[in-house]
Peer 1: 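So that we are looking at the same thing, I have put the structure below in structure tokens.
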Amino acid sequence: MNFELISVSANSRARAGVLTTGHGTIETAVFMPVGTAGTVKGVHTRDLKDDVKAQIILGNTYHLYLRPGMDVIEKAGGLHKFNGWDKPILTDSGGYQVFSLGDIRKLSELAAKFQSHIDGSYHQFTPEGVIDIQRTIGADIMMAFDECTPGDADYNYAKKSMELTHRWLDRCFEQFNKTEPKYGYQQSIFPIVQGSTYPDLRRLAVAQVKTFDADGYAIGGLSVGEKEDVMYEITEVVTADLPVHKPRYLMGVGTPENILESIDRGIDMFDCVMPSRNGRNGMLFTRDGKINIRNKKWENDHSPIDENGTSFVDSYSKAYLRHLVISNEMLGAQIATQHNLAFYLWLVKTARQKIIEGVFSSWKNEMINRLKHRL
RNA sequence: GGGAAGUUUCCAGAGUGGCUAAAUGGGGCAGACUGUAAAUCUGUUGGCGACGCCUUCGGUGGUUCGAAUCCAUCACUUCCCA
């Protein structure tokens with residue numbers, strides 16, 4: 001994997017780059033649609049590629065491991081073959097599930113033990129096992145197995161949690177180094193910086209993570225309940241110390257505003273369920289602000305969903321989409337998801353362009369003002 | 001022609017003397033959603049000069065301190081027998 005910085009903003013840390021993987025190149029800053037179960041819910045790979053213009057999508061270790069299971073994925077020849085997506089894939093390690101499935105798991109030094117949310121069966125993830133699973137999935141970018149520390153963790157818990165993540169990181173790399181890709185292309189592993197909302201812990205974490213010469217570095221444990229200005233502050237602390245010549249991935253972020261602010265602070269890669277989940281739930285993101293398409297005011301608005309939109313679905317009318325969403329028609333969720341993803345991809349692509357043109361900051365400020373609106 | 005059951009707030013449907021502006025579901029309206037246990041979840045849904053008041057349970061008239069709940073009568077609906 002190779003990362004080349006094309007341009008860096010003069011008056012901020014914003015960067016434009018090109019990341020090269022075994023499944024092609026990725027122009028950063030990039031937004032990666034989330035496809036937990038091997039599918040970006042409701043969107044065909046064709047539309048994802050040609051219409052949304054996604055460059056890379058996510059899959060999830062925990063979900064794919066439980067269903068369909070590694071046997072099926074391996075027999076398919078990896079996730080790319082299984083779901084028909086021939087561009088890069090990044091898999092999350094299951095660290096977030098350790099966090100979000102909190103009630104049905106137990107952490108120990110050795111492993112995270114958990115109960116399947118599907119059938120209650122008992123399983124455990126070790127750092128080694130998680131690497132093996134991601135080898136089988138065939139992710140271009142695999143994530144280290146971490147504990148995603150909750151946003152309200154006290155200092156002591158955050159420190160212990162971070163240290164566990166670091167010990168797990170050692171094991172992840174050890175396993176990574178003694179195993180081989182299964183499908184003939186290179187795989188990379190990104191460590192994850194934890195340390196919660198404490199700058200000194202975050203600095204320690206960066207230092208620790210940097211001891212591995214990884215292809216890229218992720219920031220985890222943000223947008224998990226802490227205040228937004230704290231998230232920005234921590235992002236700044238972390239990007240200040242990360243290697244300049246490697247991509248930085250801010251996990252799970254965020255709103256369009258969050259993404260622009262984070263690009264400004266030196267982030268290259270993003271993923272978030274927000275455009276897809278909120279889309280399914282009737283919320284649209286546009287460059288002029290947010291729309292709750294279920295609201296009565298759109299009942300007879302026969303204008304396009306988004307006059308400035310880049311997706312073909314944007315020519316459907318608001319009134320029609322409202323009808324679909326309210327009637328619980330599956331096409332409503334599909335259109336809204338596709339629109340939102342296309343918007344997110346447009347947003348980061350435009351940010352990249354503005355960085356290259358050297359006008360990112362002014363554009364960002366203007367954009368954030370528009371995005372705040374509620375239509 | 002005879003008999004039976006029923007008529008409740010937008011709909012369906014509980015409630016059979018005071019704790020009932022009235023369960024629950026649907027629908028409506030609004031909100032939430034950040035490495036997806038989410039096509040999910042939450043709030044609200046008679047009116048108002050709102051910690052109180054007013055009007056509601058087919059119509060009318062009664063009984064009672066008090067009625068959606070009991071009685072009489074009228075209207076309508078459904079079912080059964082001719």
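Note that these values count all heavy atoms, side chains included, but never hydrogens, waters or copies made by symmetry. Here is the naming used below: chain letters follow the sequence lines, and residue numbers restart at 1 for every chain.
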Peer 1: With rounding to whole Å, what would you report as the distance between B/C48 and B/A12 at their P atoms?
Peer 2: 25 Å
Peer 1: Does the ring centre of A/Tyr122 sit less than 6.0 Å away from the ring centre of A/Phe114?
Peer 2: no
Peer 1: Rounded to whole Å, how long is the line connecting atom CD1 of A/Ile56 with atom P of B/G35?
Peer 2: 16 Å
Peer 1: Which one, B/C33, B/G35, B/A37, comes nearest to the side chain of A/Leu58?
Peer 2: B/G35
Peer 1: Using atom CG of A/Asn278 as one end and atom P of B/A39 as the other, report the distance to the nearest whole Å.
Peer 2: 12 Å
Peer 1: Expressed as a whole number of Å, how far does the C1' atom of B/U64 sit from that of B/C71?
Peer 2: 12 Å
Peer 1: For A/Gln97 and B/U36, is the shortest distance between a side-chain N/O and OP1 or OP2 below 4.0 Å?
Peer 2: yes
Peer 1: Only one of A/Ile26, A/Leu19, A/Thr20 passes side chain to side chain contact (heavy atoms under 4.5 Å, CB included) with A/Met1; say which it is.
Peer 2: A/Leu19
Peer 1: Using O4'-C1'-N9-C4 for purines and O4'-C1'-N1-C2 for pyrimidines, with syn meaning within 90° of 0, is B/A50 syn or anti?
Peer 2: syn
Peer 1: Nearest-Å distance, CG (A/Asn340) to P (B/C33)?
Peer 2: 14 Å
Peer 1: Does the ring centre of A/His245 sit less than 6.0 Å away from the ring centre of A/Phe3?
Peer 2: no
Peer 1: Determine the Euclidean distance between corresponding P atoms of B/G2 and B/U73; express it in Å to zero decimal places.
Peer 2: 16 Å
Peer 1: In whole Å, measure the gap between the P atoms of B/C74 and B/A23 for me.
Peer 2: 34 Å
Peer 1: Can you tell me how far P in B/U60 sits from the matching atom in B/G46, rounded to whole Å?
Peer 2: 23 Å
Peer 1: In the strands shown, is B/C79 matched to any nucleotide by a Watson-Crick or G-U wobble pair with both distances under 3.5 Å, and which?
Peer 2: B/G3
Peer 1: Hey, does the Lys NZ or Arg CZ of A/Arg287 hover above the aromatic six-ring of A/Phe343, less than 6.0 Å from the centre and inside 45° of the axis?
Peer 2: no
Peer 1: Quote, to the nearest angstrom, the C1' distance that separates B/U63 from B/U69.
Peer 2: 13 Å
Peer 1: For B/C41, does the glycosidic angle fall within 90° of 0 (syn) or outside that (anti)?
Peer 2: anti
Peer 1: Check whether any side-chain nitrogen or oxygen of A/Ser223 sits under 4.0 Å from OP1 or OP2 of B/U34, and answer yes or no.
Peer 2: no
Peer 1: Would you indicate what A/Asp271 reaches in the nucleic acid, counting non-hydrogen atoms under 4.0 angstrom: base, sugar-phosphate, or nothing?
Peer 2: sugar-phosphate
Peer 1: Looking only at atom C1', what distance separates B/A82 and B/C19, rounded to whole Å?
Peer 2: 50 Å
Peer 1: Let me know the distance between CE of A/Met142 and C1' of B/G35, rounded to the nearest Å.
Peer 2: 16 Å
Peer 1: Strictly by Watson-Crick or wobble contacts shorter than 3.5 Å, is anything paired with B/U34, and which nucleotide is it?
Peer 2: none
Peer 1: Just name whichever nucleotide pairs with B/G25, Watson-Crick or G-U, keeping both distances under 3.5 Å, else none.
Peer 2: B/C11
Peer 1: Within the structure shown, what part of the strands sits under 4.0 Å from A/Arg374 by heavy-atom distance: base, sugar-phosphate, or nothing?
Peer 2: sugar-phosphate
Peer 1: Please determine, for B/G17, whether a Watson-Crick or G-U wobble partner exists with both distances under 3.5 Å, and give it or none.
Peer 2: none
Peer 1: Should the ring pair A/Trp168 and A/Phe145 be called parallel, tilted or perpendicular, given that the plane angle runs from 0 to 90° and is split at 30 and 60?
Peer 2: parallel
Peer 1: Can you check the distance between B/G17 and B/G13, where both ends of the measurement are the C1' atom (answer in whole Å)?
Peer 2: 22 Å
Peer 1: Taking NZ, NE, NH1 and NH2 as the nitrogens, is one of them in A/Lys297 or A/Asp301 under 4.0 Å from a carboxylate oxygen of the other?
Peer 2: no
Peer 1: Where the side chain of A/His63 is defined as all heavy atoms beyond and including C-beta, which of B/C33, B/G35, B/U36 is the nearest nucleotide?
Peer 2: B/U36
Peer 1: At under 4.0 Å between heavy atoms, what does A/Gly221 touch on the DNA or RNA strands: base, sugar-phosphate, or nothing?
Peer 2: base
Peer 1: With respect to the side chain of A/Met283, which nucleotide from B/A37, B/U36, B/C33 is positioned closest?
Peer 2: B/C33
Peer 1: Tell me which nucleotide among B/A39, B/G31, B/A38 gets nearest to the side chain of A/Arg277.
Peer 2: B/A38
Peer 1: Salt-bridged, A/Arg15 to A/Asp268, with N to O below 4.0 Å?
Peer 2: yes
Peer 1: Does a side-chain N-to-carboxylate-O contact under 4.0 Å join A/Arg135 and A/Glu180?
Peer 2: no
Peer 1: With a 3.5 Å limit on both atom pairs, tell me what B/A72 is paired to, counting Watson-Crick and G-U wobble, or say none.
Peer 2: B/U60
Peer 1: Measuring to OP1 and OP2 of B/A32, would you say a side-chain N or O of A/Arg294 lies under 4.0 angstrom away?
Peer 2: no
Peer 1: Quick one: A/Tyr62 OH to B/A38 C1', roughly how many Å, whole number?
Peer 2: 14 Å
Peer 1: Check every atom of B/A39, B/U34, B/U36 against the side chain of A/Val34 and return the nucleotide holding the closest atom.
Peer 2: B/U36
Peer 1: Applying a 4.0 Å non-hydrogen cut-off, can you work out what A/Gln194 is touching in the nucleic acid: base, sugar-phosphate, or nothing?
Peer 2: base
Peer 1: Answer with base, sugar-phosphate or nothing: what part of the nucleic acid does A/Ser100 contact at a heavy-atom distance below 4.0 Å?
Peer 2: base
Peer 1: Return the nearest nucleotide to the side chain of A/Asn281; candidates are B/G35, B/G31, B/U40.
Peer 2: B/U40
Peer 1: Expressed in angstrom and rounded to an integer, what is the separation of A/Ile326 atom CD1 from B/G26 atom C1'?
Peer 2: 15 Å
Peer 1: If you assign each of A/Ala333 and A/Asn295 to its closest nucleotide in RNA chain B, which residue comes earlier from the 5' end?
Peer 2: A/Asn295
Peer 1: Checking base pairs now: Watson-Crick or wobble, both atom distances under 3.5 Å. What partners B/G46?
Peer 2: B/C54
Peer 1: Just the rounded figure in Å: distance from C1' of B/A32 to CG of A/Leu284.
Peer 2: 16 Å
Peer 1: When the aromatic ring centroids of A/Tyr62 and A/Tyr96 are compared, is their separation below 6.0 Å?
Peer 2: no
Peer 1: Mind checking if A/Asp92 touches a base, just sugar-phosphate, or nothing, with heavy atoms under 4.0 Å?
Peer 2: base
Peer 1: Could you check whether A/Glu228 gets within reach of a base, just the sugar-phosphate, or nothing at all, counting any heavy atom under 4.0 Å?
Peer 2: base
Peer 1: Nearest to the A/Asp146 side chain among B/G35, B/U34, B/A32, which nucleotide is it?
Peer 2: B/G35
Peer 1: In whole angstroms, how far is the C1' atom of B/U36 from the CE atom of A/Met251?
Peer 2: 13 Å
